[in-house]
Structure formats: structure tokens, C-alpha cells
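Only heavy atoms go into these numbers, but all of them, side chains included; no hydrogens, no water, no symmetry mates.
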Amino acid sequence: MYSFITSVGGPKMYKGRGLHEFGFLKSEEDRKWFMEAMQAQAVDVIKRMKEITLVMKTPEHVLEAKGVTTADLEDMLDELQEHVESIDVANDLHSVGGLVPLIGYLRNSHAQIRAKAADVVTTIVQNNPMSQQLVMEANGLEPLLSNFTSDPVLLVRTKALGAISSLIQHNKPGITAFRLANCYAALKDALCSESVRFQRKALNLIHYLLHENNSDCSVVAELGFPRIMMHLASSDDAAVREAALRGLLKLAGYWTEGTCNLAEKDEKLKQVLQERIHAISSMGPDDLEAAREERQLIDSLWSACYNEPSPLQEKGLLVLSIDDVLPPDVASKLFEPPLRASAPNRTSLGGSSGNEKKEVPLLLGLGPSHQETQVLSHPNSDGEL
């Protein structure tokens with residue numbers, strides 16, 4: 001009953017490849033044998049999801065008695081995640097009865113299972129409004145919020161936050177439920193954690209929430225988010241720095257519209273920006289190119305807060321010549337039409353110097369008549385045709 005937990009090898013290596021690419025398939029009989037072999041190995045996805053659903057519905061103690069380990073369940077959830085990468089298959093999970101038991105795995109006694117279940121939920125709801133609605137109707141947000149705010153294992157909290165971010169993206173009921181659950185305090189804890197990944201996810205979600213609800217800027221300000229973001233703007237992780245600067249820029253725009261300014265509320269901001277500008281000034285060309293977005297964010301934030309160009313402009317570090325250089329064109333060589341690729345390169349054959357005899361162009365269509373040929377071969381006295 002539980003033997004299907006072991007992963008079955010499928011024809012992944014042949015995906016997207018035509019039979020003509022396999023040189024050993026010389027005869028029609030060989031090709032027929034090959035297709036039958038591949039179909040025998042092919043996995044019926046719906047059948048597999050039903051089997052996985054059966055396992056998820058089985059109580060933990062029964063699985064343990066059958067010898068099913070936590071590692072087996074993780075492998076099973078890995079396989080399920082691969083299946084639901086297709087939006088159609090993700091929506092089918094609810095039809096086969098697998099969505100509710102999957103949400104139940106968010107409360108599993110093993111942290112690895114809770115984390116992996118959140119991973120699967122993330123894949124299901126990402127850019128998928130139908131599955132977002134199905135998860136909301138199945139009360140899937142509740143255990144995710146619980147894991148995010150109070151799970152003792154940092155990995156579980158991080159995975160839950162990732163699933164929440166995907167679930168409430170462009171999902172107004174989800175955003176409303178998140179705000180009503182007063183989860184900004186948990187986001188603050190995430191920013192104060194030592195996990196760079198947790199910080200990045202929290203910063204990105206905060207920026208999205210502030211974009212969707214401008215009034216939340218006052219909430220995060222009262223909770224002390226600006227000071228934490230200023231600290232994270234000096235992080236060793238480039239993605240964290242950029243996300244923190246992006247959040248500060250959003251807050252600066254909100255306060256500029258109001259009665260006070262972010263710079264007036266805290267002089268530390270100017271010190272942080274000056275330190276980053278100093279660090280950027282000492283970067284080499286490669287690092288400067290990688291820090292392009294950070295340079296732009298610093299300049300925008302400086303202009304918004306102090307109403308003047310940033311020192312990056314004075315130092316000539318805002319817009320660099322390397323910023324306009326296009327990456328090397330590799331794709332066109334790979335996808336060049338066969339006729340064009342096989343044509344001789346005139347430049348490589350010696351160019352087109354004035355001493356060389358030019359090639360006669362190939363004319364397509366009917367040639368001139370005998371009478372026209374005689375006229376063309378006897379110009380008038382003025383040399384005109």
C-alpha cells in the first residue's frame with residue numbers, strides 16, 4: 001500500500017526531445033519498442049496524487065507502524081511539489097482530495113514535514129488565483145500564520161512566511177486577513193533575526209504590503225521599522241541592503257506627503273547613506289556594476305529626504321558607462337537560422353577592399369528579353385542607357 005512512496009524513475013531525460021535525436025532508433029520496430037518502454041515508465045500524475053493523498057490522510061502512528069519514516073514523507077512531498085508546478089495539476093490537487101490533508105501537514109509533529117508542506121503550498125498558490133482561493137477556503141492561512149509567528153524552529157517560520165507571501169499576493173482577502181492577525185510584530189521579529197533569508201522574505205513582504213496599503217506606513221513607523229531598516233541597509237548581504245533601502249524609500253515618500261520627513265525623524269539615516277556611499281566609492285568596476293540598483297536606491301532616497309542630488313552624482317558614480325553596455329549576444333549565435341549560419345563570412349574572407357572584384361548579385365525572376373539585351377548592350381553617345 002505504501003510502496004509508491006519510493007520515487008519511480010520517469011522519462012525526464014527524454015522530455016522535449018524528438019525520436020530523430022536518438023541515433024540508435026534505426027527502424028520502425030526500434031522506435032515502437034522505445035515508445036512502449038517510455039509509456040510503461042510514464043507516471044499517471046492524477047493517480048500518483050491520489051496515492052499521496054491517501055498517505056497524507058493516514059494517521060502518523062499508523063505510518064510509523066508500517067515503517068514509513070520522516071525521510072520517506074519528505075521525499076513524497078518533494079514528488080508532490082514537482083507535480084503541482086503545473087498550475088492545472090495544482091488545481092487538481094483539491095479535486096482529488098489532497099489539499100486539505102496537505103494543509104494538515106502544516107501542523108505535523110515533525111518540523112521537517114511542516115517546512116516541506118509550506119514549500120508545497122508555496123508552489124501551489126504562486127501566481128495561481130484559483131488555488132489561492134481554494135487554500136483560503138480550506139483555512140490554509142491560519143496554520144501558516146501560526147507557524148510564522150510562533151513555531152520554535154526558524155526554518156519552519158521562514159518557509160511559512162514564504163508561503164504566506166505567495167498566498168496573499170494580489171489576494172485582497174488574504175491581505176486583509178494578514179493585517180487583522182496583527183502580523184507586523186512577527187515581521188519585526190523576522191527583521192531582527194540572524195537569518196539573512198528570513199530578513200529578505202520579511203522585507204519583500206513589507207514592501208508589498210506598504211505598496212498595497214499606504215496607510216500601513218504609520219503602523220510600521222510606530223513599531224520602529226525605520227530604525228531596523230537603517231541597520232539592515234548596512235547588511236553584508238546585497239539583497240537585504242537593497243530591500244531595506246526600498247522600504248526606507250517607500251516610507252520617505254509617505255512622510256514627504258505628510259507633515260514630517262524621514263530625515264528629520266532620524267539623523268542616523270544620513271550617516272548610513274554616507275557610509276554606503278563611501279563603500280561604493282571604493283568598489284571596483286565589477287562590484288559597481290553589481291551594485292547598480294543599490295546606487296539608484298541610495299540616490300533616490302537621498303533626494304527624497306534632503307531635496308538635493310546625492311554625493312553619488314557628484315562623484316560620478318550614479319550613472320556609469322558600464323551601465324549602458326549590453327551583455328554579449330550569445331543567444332543569436334545559438335538560434336541563427338541554418339542557411340545564415342552556413343553562409344561564408346565575407347569579412348573573414350578578406351573584407352570588401354576596393355581592389356577586389358565585387359560578386360555579381362544573384363537576380364531572381366525572369367531574365368531580360370533578346371530585344372532588351374540588345375538595347376542594354378548598345379548605350380547612346382552620352383553613355384546613358
Side-chain angles (χ1 to χ4, degrees), residues 141 145 148-150 157-158 160-162 164-165 167-277 293-308 310:
L141 182 58
L145 291 175
F148 166 52
T149 57
S150 59
R157 295 178 63 197
T158 305
L161 178 56
I164 291 169
S165 299
L167 178 58
I168 69 176
Q169 192 89 3
H170 308 299
N171 176 7
K172 289 186 177 180
I175 294 174
T176 301
F178 184 88
R179 297 176 71 217
L180 291 176
N182 195 25
C183 289
Y184 274 113
L187 286 173
K188 181 179 179 180
D189 291 340
L191 295 183
C192 296
S193 73
E194 297 297 324
S195 170
V196 170
R197 189 176 184 184
F198 203 21
Q199 292 170 349
R200 283 200 304 263
K201 288 180 180 293
L203 286 167
N204 290 331
L205 180 55
I206 290 167
H207 185 265
Y208 175 74
L209 292 171
L210 296 183
H211 176 74
E212 292 296 309
N213 300 280
N214 202 42
S215 60
D216 283 5
C217 289
S218 59
V219 176
V220 300
E222 292 174 3
L223 290 173
F225 278 55
R227 292 282 294 186
I228 302 173
M229 289 181 178
M230 291 176 198
H231 173 72
L232 294 178
S234 300
S235 170
D236 292 334
D237 185 83
V240 170
R241 289 199 305 271
E242 292 172 5
L245 289 169
R246 206 175 293 118
L248 288 169
L249 183 58
K250 178 64 180 177
L251 291 174
Y254 171 75
W255 269 313
T256 301
E257 296 173 0
T259 58
C260 60
N261 187 281
L262 179 61
E264 295 172 356
K265 293 179 74 65
D266 202 324
E267 270 298 315
K268 180 176 174 58
L269 176 62
K270 193 167 192 175
Q271 179 185 347
V272 169
L273 294 180
Q274 287 173 335
E275 290 174 355
R276 288 309 307 156
I277 291 171
E293 185 173 356
E294 183 180 2
R295 289 185 278 121
Q296 294 173 345
L297 286 168
I298 289 174
D299 180 71
S300 299
L301 185 54
W302 187 286
S303 299
C305 291
Y306 308 110
N307 198 27
E308 64 180 16
S310 74

To the closest 0.5 Å, what do you measure between [atom1] ([X]) and [atom2] ([Y])?
| X | Y | atom1 | atom2 | answer |
| --- | --- | --- | --- | --- |
| Cys305 | Leu248 | SG | CG | 8.0 Å |
| Arg200 | Leu232 | CZ | CG | 12.0 Å |
| Cys192 | Ile228 | SG | CD1 | 3.5 Å |
| Ile175 | Tyr208 | CD1 | OH | 4.0 Å |

> Checking side chain to side chain contact (heavy atoms under 4.5 Å, CB included) for the pair Leu209/Ile168: CA distance, chi angles, key distance, verdict?
Replying inline: CA-CA 10 Å; Leu209 292 171; Ile168 69 176; 4.1 Å; yes
Would you say the side-chain atoms of [X] pair up with the backbone N or O of [Y], donor to acceptor, closer than 3.5 Å?
| X | Y | answer |
| --- | --- | --- |
| Asp237 | Ala239 | yes |
| Asp299 | Arg295 | no |
| Tyr306 | Lys270 | yes |
| Lys268 | Arg227 | no |
| Arg241 | Ser234 | no |

>> With heavy-atom distances below 4.5 Å as the criterion, would you say the side chains of Val196 and Asp236 are in contact?
In response: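 Side-chain contact under 4.5 Å: no.
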>> If you define the side chain from C-beta out and look only at heavy atoms, does anything of Leu245 sit under 4.5 Å from Leu273?
In response: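 The answer is yes, as the side chains (C-beta and beyond) meet within the 4.5 Å cut-off.
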Please give me the minimum heavy-atom distance between [X] and [Y], naming the atom from each residue.
| X | Y | result |
| --- | --- | --- |
| Arg276 | Ile298 | CB-CD1, 3.6 Å |
| Ala233 | Ala244 | N-CB, 3.8 Å |
| Phe178 | Cys183 | CZ-CB, 3.4 Å |
| Leu191 | Gln199 | O-NE2, 3.5 Å |
| Arg157 | Ala186 | NH2-O, 4.5 Å |
| Ala252 | Leu301 | CB-CD1, 3.9 Å |

> So Ser215 and Tyr254, side chain to side chain contact (heavy atoms under 4.5 Å, CB included) or not? Walk me through it.
Replying inline: CA-CA 9 Å; Ser215 60; Tyr254 171 75; 5.8 Å; no
> Taking it one step at a time, do Thr158 and Phe148 satisfy side chain to side chain contact (heavy atoms under 4.5 Å, CB included)?
Replying inline: CA-CA 7 Å; Thr158 305; Phe148 166 52; over 6 Å; no
>> Looking only at the side chains, is there a donor atom on one of Glu267 and Gln271 sitting less than 3.5 Å from an acceptor on the other?
In response: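 The answer is no; no qualifying pair exists.
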> Has Glu194 got more than 12 heavy atoms of other residues, nucleotides or ligands less than 6.0 Å from its CD?
Replying inline: no
> Among all residues two or more places apart in sequence or in another chain, which pass the side chain to side chain contact (heavy atoms under 4.5 Å, CB included) test with Ser195?
Replying inline: Leu154, Ser193, Arg197, Phe198
>> Holding to side chain to side chain donor-acceptor pair (under 3.5 Å), I want the full list of residues that pass it with Asn171, two or more places apart in sequence or in another chain.
In response: none
> Is any NZ, NE, NH1 or NH2 atom of the basic residue among Glu293 and Arg246 found under 4.0 Å from an Asp or Glu carboxylate oxygen of the other?
Replying inline: yes
>> Please evaluate residues Leu187 and Leu203 with respect to the criterion side chain to side chain contact (heavy atoms under 4.5 Å, CB included), reporting the C-alpha separation (whole Å), side-chain torsions for both, the decisive distance (0.1 Å), and the verdict.
In response: CA-CA 8 Å; Leu187 286 173; Leu203 286 167; over 6 Å; no
